[in-house]
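All values below come from the heavy atoms of this structure, side chains included, with hydrogens, waters and symmetry mates left out.
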Amino acid sequence: MPGELLLEDVVVEHGRGARRVRALDGVSVHVAAGEVVGLVGPSGCGKSTLAKVATGLVPLTSGRAVFDGVPVERNGLRRRPRPLVRLQMVFQNPYASLNPRRRVGSQLEDGRAVHPGTAPGVAELLEQVGLPADAARRFPHEFSGGQRQRVAIARAMATGPDLLIGDEPIASLDASLQAQVATLLRRVALASGASLLFISHDLSVVRLVADRVVVMDSGRVVEEGPTEQLWRQPRSPFTQRLLAAVPVADGLGRIPQV
């Protein structure tokens, strides 16, 4: 079953000489086929850098990144190898990742062209993310922030991905929408058979969507394990502090309807 991501002993350094900074220091993360993994940690810990390594947006200093047996190399001017097109990213700012001058339908058609005849139609893609078919005729600025993120998810799904990476995909949304969009991303990914690496600093939302959680701090993995096990019996003092800071609300364990 496709959709496996292996990041092994990943090191990423920025700058030169005395100004060299190590953003990732020997990070290893595995996402199995059909699995939802949550990657959590405070701002600046290296989560987004790791996501960009996985998609070829940031080069490795050392270590390796492999998707379904294919090494992930830095994106250049050449077209990405076809197997790597099935690895898609949903970014934090949906408006910045959508072309403001093109209608939503044409942007979804671009994704569908990757695997013509196999990807869902535009109307079906919009339906999957809870938008009406006539949304295809509208421009990105005509949607709310939550709706734009749904469009971004639909566009990522248009390529028929085997793995989705959500890089803080709910951070720019109102608190009332965050859990809805997170659970939507999980539902859409799993319904299509895709794996999901969900990146967030919000542990309460990650608990709703992830089968397994990886905790990062200062460019390193400090703990990982099944979600409920890590939640109830955290081993790392850092994870314990993170969990202690999570607000407790009624119905936390319930997944909201989307």
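- With a 4.5 Å cut-off on side-chain heavy atoms, Gln178 and Leu173 count as touching.
- Just one of Val206, Leu196, Leu164, Val31 meets the side-chain contact (heavy atoms from CB on, under 4.5 Å) condition when paired with Val36; it is Leu196.
- At least one donor-acceptor pair closer than 3.5 Å links the side chain of Gln147 to the backbone N or O of Ser144.
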Val213 vs Val40, side chain to side chain contact (heavy atoms under 4.5 Å, CB included): CA-CA, chis, key distance, verdict: CA-CA 7 Å; Val213 176; Val40 300; 3.8 Å; yes
From CA spacing to verdict: side chain to side chain contact (heavy atoms under 4.5 Å, CB included), Val11, Glu13: CA-CA 7 Å; Val11 173; Glu13 294 180 339; 4.1 Å; yes
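- Side chains of Leu163 and Arg86 form no contact here, defined as non-hydrogen atoms less than 4.5 Å apart.
- Proximity of a side-chain donor or acceptor of Ser97 to a complementary backbone N or O of Phe91 within less than 3.5 Å is not detected.
- Looking only at atom types and distance, the side chain of Glu223 has a donor-acceptor partner in the side chain of Thr239 under 3.5 Å away.
- For Glu127, the CD atom is loosely surrounded, since the number of other residues' heavy atoms within 6.0 Å does not exceed 12.
- Shown here is Glu8, whose CD atom has more than 12 heavy atoms of other residues, nucleotides or ligands within 6.0 Å.
- At a threshold of 4.0 Å, the pair Asp211-Arg186 counts as salt-bridged, since one of the basic side-chain nitrogens sits closer than that to a carboxylate oxygen.
- Across Arg212, Met216, His30, a single residue satisfies side-chain contact (heavy atoms from CB on, under 4.5 Å) together with Glu224, and that is Arg212.
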Side chain to side chain contact (heavy atoms under 4.5 Å, CB included) between Phe198 and Leu208, intermediate numbers included: CA-CA 11 Å; Phe198 184 85; Leu208 293 176; over 6 Å; no
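- A donor-acceptor contact shorter than 3.5 Å links the side chain of Ser195 to the backbone of Ala32.
- At a threshold of 4.5 Å between non-hydrogen side-chain atoms, the residues Gln180 and Ile170 do not count as touching.
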Derivation and outcome, side chain to side chain contact (heavy atoms under 4.5 Å, CB included), residues Val215 and Leu242: CA-CA 10 Å; Val215 182; Leu242 281 183; 3.9 Å; yes
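- Scanning both residues, Gln92 and Ser172, for their nearest heavy atoms gives O-OG, 3.0 Å.
- A donor-acceptor distance shorter than 3.5 angstrom exists from the side chain of Thr227 to the backbone of Ala210, with no hydrogens or angles considered.
- With contacts defined as side-chain heavy-atom distances shorter than 4.5 Å, the pair Gln88/Ile165 does not qualify.
- With a 6.0 Å radius and a threshold of 12 heavy atoms from other residues, nucleotides or ligands, Arg20 has its CZ atom above the threshold.
- Looking at heavy atoms from C-beta onward, Arg112 lies in side-chain contact with Val122 at the 4.5 angstrom threshold.
- Contact detail for Thr55 and Met89: the closest heavy-atom pair is OG1-CE, 3.5 Å.
- Taking each heavy atom of Pro42 and Asp217 in turn, the nearest pair found is CG-OD1, 4.0 Å.
- A 4.5 Å side-chain heavy-atom check between Leu50 and Val10 finds at least one atom pair inside the cut-off.
- Closest heavy-atom contact between Val205 and Ala182: CG1-CB, 3.4 Å.
- Residues Val53 and Val72 have side chains not in contact (no heavy-atom distance under 4.5 Å, counting atoms from C-beta outward).
- With respect to the salt-bridge test (charged N to carboxylate O, under 4.0 angstrom), the residues Arg102 and Asp110 qualify.
- Looking at Asp202 and Ser204, their side chains do bring a donor and an acceptor atom within 3.5 Å of each other.
- The CG atom of Leu5 sits 7.0 Å away from atom CG of Leu197, with the distance rounded to the nearest 0.5 Å.
- With contacts defined as side-chain heavy-atom distances shorter than 4.5 Å, the pair Gln128/Pro120 qualifies.
- Closest approach of Arg148 to Leu98, counting heavy atoms only: O-CD1, 4.0 Å.
- Cation-pi geometry between Arg101 and Phe139 is not satisfied (NZ or CZ under 6.0 Å from the ring centre, within 45° of the ring normal).
- For Val221 against Ser28, the heavy-atom pair with the smallest separation is CG2-O, 4.0 Å.
- Taking Asp167 as the reference, Ser48 meet the side-chain hydrogen bond (donor to acceptor under 3.5 Å, both in side chains) condition, with sequence neighbours excluded.
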